[in-house]
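These numbers come from the heavy atoms of this one structure, side chains and all, not from hydrogens, waters or symmetry mates.
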Amino acid sequence: TLHPDVDEPPWGEIRFFEVATGQEIVTPISVPKWVWDIQWDEQSNHVFVAMGVPGQSGDERIGQVQVIDVRSSEVKVDLATHGLRCRSIQLLPGNQLATASESALEVWDLATGELIASNLATEGRNFVTIVDGELVTGNAGRIEFRDSQTLELKRVWKQPQFNNERFGFANIADVSVSPDRKRLVSAAWNATLTVWDMLSGEPLLTFRAHDAGIHHVDFTRDGGSIVSSGHDGKVCVWEAASHRQETEAVGSDSHMSQPD
């Protein structure tokens, strides 16, 4: 939740709900900056919050990640990430955390708060996730596969026609891998989805899926559908085999995660 009319922190809060009833289950947690990503580790009952401030890219360490105890609202870990915004986070084995910002990809030791590895990039990264033990990240028309410890680059997939008259710039915002590990789908800010072959790394299809930039994409757990949410306020469901649209829901500036 954002408080856009507030000039001073806290600019937002994290709220927790019971899915079946829609009832709030704990006291909301206030945060000092805009929230870009969040993960909840139910085993430790800690919430991991990626934050930052609006504005142009910078070299300052203004991006922020907090690890907060859900029961007590106590901040357990507080990290200053490179750039103005930490856009995405990914929990890693061994009590480590990967962070992606518009200027750096970084890996942290959560026990000590120390920076383990860092990779700076002028185009930055919009997302970070883990697939079969490798970190997957990217931004300007490319998807990178990197070693999860050293951040060594293993391979790169390049978006075909990164800039074209039909779609514009394909800044990649999110990816998801099918449950059978045969396909990867990427979402871009130019309103397109691209389906890739996981074995060859070749793009199979790119199509216009929204009327504005796409924030998130995910395969359903059975792999039969692809769900996307965009800045046009729509959540769309696509048949994975034919890419035919199955259904659509309209909200406001839609964000979603982990569809069933």
Side-chain angles (χ1 to χ4, degrees), residues 1-55 58 60-116 118 125-130 135 137 148 173-174 215-216 218 229 235 251-260:
T1 304
L2 292 177
H3 299 311
D5 298 328
V6 178
D7 294 329
E8 297 180 357
W11 283 328
E13 61 184 14
I14 304 162
R15 303 172 68 185
F16 302 84
F17 296 87
E18 176 68 39
V19 174
T21 64
Q23 298 297 314
E24 289 197 64
I25 54 178
V26 294
T27 303
I29 299 174
S30 295
V31 292
K33 297 174 182 175
W34 287 20
V35 177
W36 293 87
D37 194 15
I38 186 169
Q39 290 192 15
W40 187 2
D41 180 22
E42 294 186 78
Q43 184 173 0
S44 64
N45 210 23
H46 289 166
V47 63
F48 298 75
V49 189
M51 294 175 285
V53 297
E60 305 93 341
R61 283 192 172 271
I62 298 177
Q64 190 174 3
V65 174
Q66 288 187 342
V67 183
I68 305 173
D69 187 290
V70 173
R71 295 186 184 90
S72 66
S73 299
E74 178 184 358
V75 176
K76 297 293 186 180
V77 180
D78 198 341
L79 306 174
T81 64
H82 200 276
L84 300 182
R85 293 172 291 275
C86 181
R87 291 186 178 274
S88 180
I89 52 178
Q90 175 62 56
L91 290 171
L92 302 176
N95 200 27
Q96 296 179 354
L97 182 75
T99 62
S101 72
E102 71 276 316
S103 55
L105 180 69
E106 299 175 314
V107 177
W108 303 82
D109 185 324
L110 289 174
T112 63
E114 293 182 357
L115 182 64
I116 298 173
S118 179
R125 278 84 175 200
N126 290 323
F127 66 92
V128 62
T129 188
I130 191 163
L135 284 183
T137 185
S148 62
D174 195 19
H215 294 298
H216 296 291
D218 212 340
S229 67
V235 175
S252 58
D253 192 7
S254 298
H255 294 259
M256 61 88 188
S257 179
Q258 296 178 336
D260 289 330

Return the [atom1] to [atom2] distance between [X] and [Y], rounded to the nearest 0.5 Å.
X   : Y    : atom1 : atom2 : answer
H46 : E74  : NE2   : CD    : 8.0 Å
M51 : W36  : CE    : CH2   : 13.0 Å
N95 : D41  : CG    : CG    : 9.5 Å
I68 : F48  : CD1   : CZ    : 10.5 Å
T99 : R125 : OG1   : CZ    : 10.5 Å

State whether the side chain of [X] and the backbone N or O of [Y] hold a donor-acceptor pair below 3.5 Å, judged by distance alone.
X    : Y    : answer
T137 : F127 : yes
K76  : L110 : no
S88  : V128 : yes

Exercise. Answer with yes or no whether the side chains of H82 and S103 bring together a donor and an acceptor at under 3.5 Å.
Key: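 Yes, H82 and S103 have a side-chain donor paired with an acceptor closer than 3.5 Å.
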
Exercise. Would you sort out whether V26 and R71 count as a side-chain contact (heavy atoms from CB on, under 4.5 Å), showing the intermediate values?
Key: CA-CA 7 Å; V26 294; R71 295 186 184 90; over 6 Å; no

Quiz prompt | Note, K33 side chain near R85 side chain (heavy atom, < 4.5 Å) | solution =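 Side chain of K33 against side chain of R85, heavy atoms only: no contact under 4.5 Å found.
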
Self-check item: Flag side-chain contact, heavy atom, 4.5 Å: Q66 against P32
Solution: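 Of all side-chain heavy-atom pairs linking P32 with Q66, at least one is under 4.5 Å.
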
Practice problem: Carefully, step by step, assess L135 and L92 under the rule side-chain contact (heavy atoms from CB on, under 4.5 Å). | Solution: CA-CA 9 Å; L135 284 183; L92 302 176; 3.7 Å; yes

Quiz item: Could you go step by step and tell me if W40 and I38 meet the side-chain contact (heavy atoms from CB on, under 4.5 Å) rule?
Solution: CA-CA 7 Å; W40 187 2; I38 186 169; 5.9 Å; no

Quiz item: Yes or no on side-chain contact (heavy atoms from CB on, under 4.5 Å) for W108 and V77, after CA distance, side-chain angles and deciding distance?
Solution: CA-CA 11 Å; W108 303 82; V77 180; over 6 Å; no

Quiz item: Among L79, T129, V65, whose side-chain contact (heavy atoms from CB on, under 4.5 Å) with I89 holds?
Solution: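 Among L79, T129, V65, the one that satisfies the side-chain contact (heavy atoms from CB on, under 4.5 Å) with I89 is V65.
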
